[in-house]
Each structure stands twice: as C-alpha cells, then as structure tokens.
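Keep in mind it's a predicted model, so treat the numbers as computed, not measured. Letters A, B, ... mirror the listed sequences (proteins, then strands); counts begin at 1.
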Amino acid sequence: MTFKFLINEITSLLNDMINELNYPNVDFSVDEPPRSDLCDVYSNIAFQLSRKLKKKPFDIAREIYEKIIKSYLQTKKDSMISSVEAHPAGYLNFRANYTKLTYETLLMNKFEQGMPDIGKNKHVLIEHTSVNPNKALHVGHIRNVVLGDCVYRILQYTNHNAYVLNYVDDSGLQVADIIVGFKFVNLPMQTDKKFDHYCGDDVYVKVNEMYKQNTSLVENSRYVLREIEKSDSEIAKFAKELTTKVLNEQLKTCWRLKVRYDCLNFESQIIQSRLWENVLQAMKKKEIVKVENNSESKHLGCLVIQGGLDGEEKVLLRSDGTATYIAKDIPYAAWKIGLVEDPFGYYKYTTQFDKTTLLATKLDSRNESNPGFHAADLAITVIDARQSRLQNIISKVLYMLGASLLRYVHLSYEVVTLSSDTAKMLDISIDNKQSAHMSGRKGIYVNADNLLDMLHKIAYEAAKLRNPDADNIWLERVAESIAIAAIRYSMIKQDLDKTITFDIKESLNLEGDTGPYLQYSHARACRIIEKSMYPLMTIDHDLASTLKTKHEIALIKEISKFEMHLEDATFNLSPKSIARYAYSLATQFNAFYEKVPVLHEENIEVSKARLILVNTFIIVMKTSLNLIGIDALEKM
RNA sequence: GCCCCGGUAGCUCAACUGGACAGAGCAUCGCCCUUCUAAGGCGAGGGUUACAGGUUCGAGCCCUGUCCGGGGUACCA
C-alpha cells in the first residue's frame, strides 16, 4: 500500500511540475528501477519531454530538479521522498524516506491487512474445471483448476461478488464412449480402483482402441448420444448414474487441492430446459442462425451459425438433430450474463471440504428461491487456448444478441505437455520430439491423484527427517500441505501463454523456486515470533527509525509493494503476479533471516522493531499464500 | 493454405507491459550449521534474447520478412 503512495506522490509532483513550467503534456512512467542500488523509484519523464522540447534529457531532468523538486523537498515536510537525483543518463531518480516508509508499512500490522475494495461487489462468475465426467483429472486439468481457483480467491479478496461454476458435460461423446464400454463391450462396473481412474485408464482407453478395429461400435456411440438427450431413456438414466459417480471422484481430487465451487451446471439440462429454445429463438430472430438447405453444402440439414468468425459456418445441430458442444455453450454463456431468464431450480448437491455448500441445477424451479448465480456483470471462462476460436464465436454471438463484449471473458492459457524424460518414464514413444501432448483417449497423461500421492510421500519423508519426534497426524497434515503447495505453485508461476513442460522429476523437487520454499520462509518467521520473550509492539516513529540496514529496508520495501501486485493480479486476472511476488518476498525474508539477528540482537529497541517487521512479513506472506491457495504453515 | 501462441544461460522460466549493466531456479563446482529451522544463505562458471531488416533518444518487448516448434481451422469436445 505504502509503496503506491510514494509512486502517487511522485506522479502528482511531476504533473504539477508540467503545469508550472508550462511543459507540454506527455506520457511518462513512474516505476521501480531494475536495480535497487540506483534508486527506489525513477521516472523517464525527461526522455519523453526531450523530443518536444528539443533538449537533452539530462538537461531537462536537471532543470526539473533545480526549479521544482528542490524547493518541494524543502517545504513538504511529510513527503515520502527523501532525495532526488537527476542522473546523467537522463532519469530522475527518487529515494524514499525510509523511516516514513517503514512506519507506514509496518502499521499494516495493526489492522491485519484491510481488504482493498477493487471489485465494489461486482457480480462475477468464474467457470473452471469442466472436465468431462468420464475420466480422472490429469496434470493438464490441474492447470485449469488451480488457475480458476486462484482467480476466484483474488476476486473474492478484492470484494467481487464471485461465484465458481463447474460445467459438467454429462451428455457428450466422451461419456458416450464409456457407456459403450459398459453397455456394449460389457466391461464390469465393479473395480478396486478409484472409479474415475478406472473409467479413464481402462474403459475409455480400451473402447477407443476397439473403435479402430470395430466400426459398428462407433455406430453404438452415436446411438448412445441420441438416447442420452432423451431424458427418460434407460441409457440416459444410466448416464446420469455413471457421470455422477465419476464426478464425485473428480470433486474429491479438486477438494484435495483446496478448490471449491458454488454450482454444478449439467449440460444435459441446458438442452432440456427452456434455455436452449429461448436462445435459439433469439438467434433466429436476429438471423444469426439458419437451417442449411443448400444441397451443395457439406452442412445440409444442419442448423448453423452464419458468418461465425471469418464468414465460416459453424454447426449447432447435426443433421440428426443432436446438439454440438457449442450449441450448449452459447445458451450457457447467455445464461451467465443474463441474456435469458434463469430456467433452473437449485438443490444442495453436497457440503465441501471447507464446509461450504455446493449447489447443482435441476429442471424443476417451482417454489424455490434463486441463489442468484446467473446474470453476472462479468463471466470468466477458464479454458485452454485450443478453445479460443470457439470462445470467440460465443463472444461474437453474445454481441450480436446485444451484450457488451466486455462482459464475457475467455481466460485462455496454453496446455501442459510432458517432458521427453517424463514421456520416456511412462513408456510413451515421442520420436525425438521435445515434449508429448497428453491424451485421455490414448492413455497418455500423468494422473493428478497419483502425482499428489508421490509429492505427499516425498514431503512426508522430508518433514520426518527434520522433525523426528513429530507425531504421524501432524506429519500427514504437513506433507499434504506441502504437496499441494508444490503442485499449485508450479501451475501458476508461468505466463498463461506459455506451455508448461511438465517434468515429474523436477516437480518432485521441493527446493528453490517452489511452493514449499514460500511456506518455509513463513514457517521460519513464525518460529522467531514464537520464541520471542517480548510482546509484540505497535510501530512508532522511533522504532521505525532503528530499522535501517540493507536487508531490513529491502524487506520493508518488498512488503510495501503488496497491494500493487494485488491490483495487477486483479486487473489482469493473473495469479502469476501474486506467485512471483510471494517468491520475491520470501527471498527478501530469507536474506534478512540470514544476515539480521532478531532474538539475538542486543539492543532491545532494535530487537522489538525487528519483531514487528517479522510479524508484518508473516501477515503479508500469509495473505499472499491464501490468495494462491497455499497453506501458510507455522512449522515444517 | 489461412488464423493464434511460443522461440531468452545446458534445462525450466522471469524481465514491472518501450527504459539503466537481460535476472531467478534446476543442474555443475566451491564456501557457510556450538548463533532465531541448511526445504536456507553466499560465491563461480554459463547470453550475438532464433535470424535479417525497420521504427525510436532507447527494442527481449513494437512493425515487416524468414526459419524452427506447438495449437486451431470437425455433423469431437
């Protein structure tokens, strides 16, 4: 929060300066420098002015300093700025008033990080996970789940009225495939494996292998697909039973990762509800769709979107009348932003790990109060970049139906692939390629539960080594937290438009730039507070002025930047910003921890001030970790 | 073919959205535990930011072209 004050003060000082000196208006930056030994904040304003004024940047910087800043610093006593330099390179370099910065920053201690109201209670829906209920989650899905959950946490924290939806595609081809496995290949329903693993690892893969030899089986899947859409058919009932069973196992995996939801939306109900008809009517009215009757067209007899993106047609209803994926997604999207009335009823599906209620849609909406999910100001759909084209079509259709383009956001990210080493470990042939794409159909993936189990085991051993006397319940709990931290952090620290090359060996490393490293810095700090003999003080200016070594200032500066990164994460829907901030915060703390004694400091006043610093670090680190769903362990 | 994304140290990735000398982790090699947890810290080596032009006071970032990799372009999702 405080660092932002410094930047704001400099920005307004420079804006006033432009007016006073009658300089032309220019865009200029007020930012952090690449290295902290240069300054705390710099501005490029002299460069921007130099073109219009036809003077050298350094001369302008010096002029600004001499004519404006010098007297500003002399008169403004409560300034966050302590000194300014016109650098020969042309930059204006500012130093912060460290005592003031320290005081303001450590004051946060007092009110435990007040929530910044960025969202103003804006109604936001976040759809993520949405894994076909015919298989278990693999690491590729985890990127989606964790990304969506972190965005939820960040929006929730910044006062958005946010809800999480999980779209259950219970009537698609992938579900049809495993029904074929059970009903036509007669694979057993009974298994010792976790049921989602069994369906994905064995049934789904096996059926897809059989399709290659036995084309009549493919016909069966078409038949199954048509039957599922009739709600009262035997197949439809079986599908419901089957998908519920798989879904429940998938949810266990998500809950294990500390991911929660507000509502399950079943695809089958989107077709069966009036939702589909209403949107269809609206689309017909606006001539967005038509039945293709051109006998030359490859889409003869289908209901198509005209001029989808590049003027190409996109099929909504197949010639046999069944709906394609996008035909269900458009009404769903329209429902999200309230272009249609809510046709659904809601019932309590279950209670989740965090004691919150998970609701699910149902077709009967009589005598029910509506939980108010639909008609959001903003709908965010978390789905990978391969869906970009489809998502763009959906946006365009919503726009043609009268919605603002700003209300539907596709949060896109690149997929997760397996490194060549990992592919080899799994006996996957990749012919000299650098990585392998995962494929549920081919059985090429790293299962999420299995990965968590491996991480848990390693973390357990590591924790036991360090805490030989600890009891088993504690070790289990800590190991689980560490495993989750490792996997969550690894999924969000990269840029969204970069493929994650997943490597098992690397992911099992709990050192360096990892989630456990963040937890460790927090745990270390907690031990200092725990062992302290003094009660925690509130910062005052005298205590603040005792904190002046390099590592203290660096840590204070990093803490003071928390809200800037939170804003960045919120506006850009970017959990990465929080993840990288937390890492940098942890690094600063570890350097401090190494070089600056707290409990062993002889000067009691200094020791007390450092305790406040450590405690503030704990608060900010814990808050940051919560935002990305990592437990702030007090001991590990 | 057309559209989208990527190419930065041996490997995996950053770079505050056009600013100062391109930074971390892993791996390799050194050093630091009678001192608040060594899941840590310090140091060393490692770079023509794929390539060629262009715009700019300034380009890893913007523009054009080329090369390489991935994805999309289904009556699959």
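Look at B/U34: it lacks any Watson-Crick or wobble partner with both distances under 3.5 angstrom. B/C57 is paired with B/G19 under the criterion used here, namely a Watson-Crick or G-U wobble arrangement in which both key atom distances are under 3.5 Å. Here B/G43 sits opposite B/C29 as a Watson-Crick or G-U wobble pair (both hydrogen-bonding atom distances under 3.5 Å). In this structure, B/U49 makes no Watson-Crick or G-U wobble pair, since no nucleotide meets both defining distances under 3.5 angstrom.
Nucleic acid contact for A/L510: base, since at least one base atom lies under 4.0 Å from a heavy atom of the residue. Across all strands, A/K56 comes closer than 4.0 Å to no nucleic acid atom at all (heavy-atom distances). Across all strands, A/D503 comes closer than 4.0 Å to no nucleic acid atom at all (heavy-atom distances). Contact annotation for A/R386: backbone-only contact, meaning every heavy-atom pair under 4.0 Å involves sugar-phosphate atoms and none involves a base. Across all strands shown, A/R610 has no heavy atoms under 4.0 Å from either base or sugar-phosphate atoms. Contact annotation for A/L316: no contact, since no heavy-atom pair falls under 4.0 Å across all strands. Looking at heavy-atom distances under 4.0 Å, A/N467 makes no contact with the nucleic acid at all.
The side chain of A/R51 contributes no N or O atom lying less than 4.0 Å from OP1 or OP2 of B/U56. For the OP1/OP2 pair of B/G70 and a distance below 4.0 Å, the side-chain nitrogens and oxygens of A/H437 include no atom meeting the criterion. For B/G70, neither phosphate oxygen OP1 nor OP2 lies less than 4.0 angstrom from any side-chain nitrogen or oxygen of A/K498. Proximity of A/R524 to the phosphate of B/A38: a side-chain N or O atom is located under 4.0 Å from OP1 or OP2. Contact annotation: A/K576 side-chain N/O to B/A15 OP1/OP2 distance is under 4.0 Å. OP1 and OP2 of B/A14 both lie 4.0 Å or more from every side-chain N or O belonging to A/Y581.
A/N132 is not listed as a side-chain neighbour of A/Q250, based on a closest heavy-atom distance of 4.5 Å or more. Residues A/F502 and A/T417 form no side-chain contact, since every pair of their non-hydrogen atoms from C-beta on lies 4.5 Å or further apart. Residues A/I60 and A/I64 form a side-chain contact, since some pair of their non-hydrogen atoms from C-beta on lies under 4.5 Å apart.
Side-chain proximity of A/E32 to the nucleotides B/A39, B/U12, B/C16 is greatest for B/C16. Among the nucleotides B/U37, B/A39, B/A77, the one closest to any side-chain atom of A/P516 is B/A39.
Looking at which nucleotide of RNA chain B each of A/A323 and A/E511 is closest to, the 5′-most match is held by A/E511. For the pair A/R441 and A/A463, nearest-nucleotide mapping onto RNA chain B gives the more 5' position to A/A463.
In this model, no donor atom of one side chain and acceptor atom of the other lie less than 3.5 Å apart for A/N166 and A/T129.
Atom name P, nucleotides B/C51 and B/U8: the rounded distance is 10 Å, in whole Å. Here, B/G7 and B/C13 have their P atoms 10 Å apart, quoted to the whole Å. Rounded to whole Å, the separation between the P atoms of B/C4 and B/A22 comes to 32 Å. Separation of the C1' atoms belonging to B/U55 and B/G65 is 15 Å when rounded to the nearest angstrom. The separation of B/A15 from B/A50, taken at their P atoms, amounts to 15 Å, rounded to a whole angstrom. Straight-line distance between the P atoms of B/G71 and B/G19: roughly 33 Å, to the nearest whole Å. Look at the C1' atom in both B/C5 and B/G58: the space between them is 28 Å, to the nearest Å. Of the P atoms belonging to B/G23 and B/U48, the separation is 15 Å, rounded to the nearest Å.
For B/A39, its base sits under 3.5 Å from the side chain of A/R466 at one donor and acceptor pair at least. Contact of A/N590 with B/A39 (side chain to base): no donor-acceptor pair of N or O atoms is detected under 3.5 Å. Contact annotation: side chain of A/D497 to base of B/G6, donor-acceptor pair absent below 3.5 Å. On a pure distance criterion of 3.5 Å, a polar donor-acceptor pair joins the side chain of A/S319 and the base of B/C75.
Results of the side-chain hydrogen bond (donor to acceptor under 3.5 Å, both in side chains) test with A/D503 over A/S490, A/S420, A/S419 single out A/S419 as the only residue that passes.
The aromatic rings of A/Y593 and A/F589 sit tilted, their planes meeting at an angle between 30° and 60°.
Side-chain rings of A/Y91 and A/F47 approach one another, their centers coming within less than 6.0 Å.
Under the stacking criterion of a centre-to-centre distance below 5.5 angstrom and an interplanar angle below 30°, A/Y91 sits stacked against the six-membered ring of B/A20.
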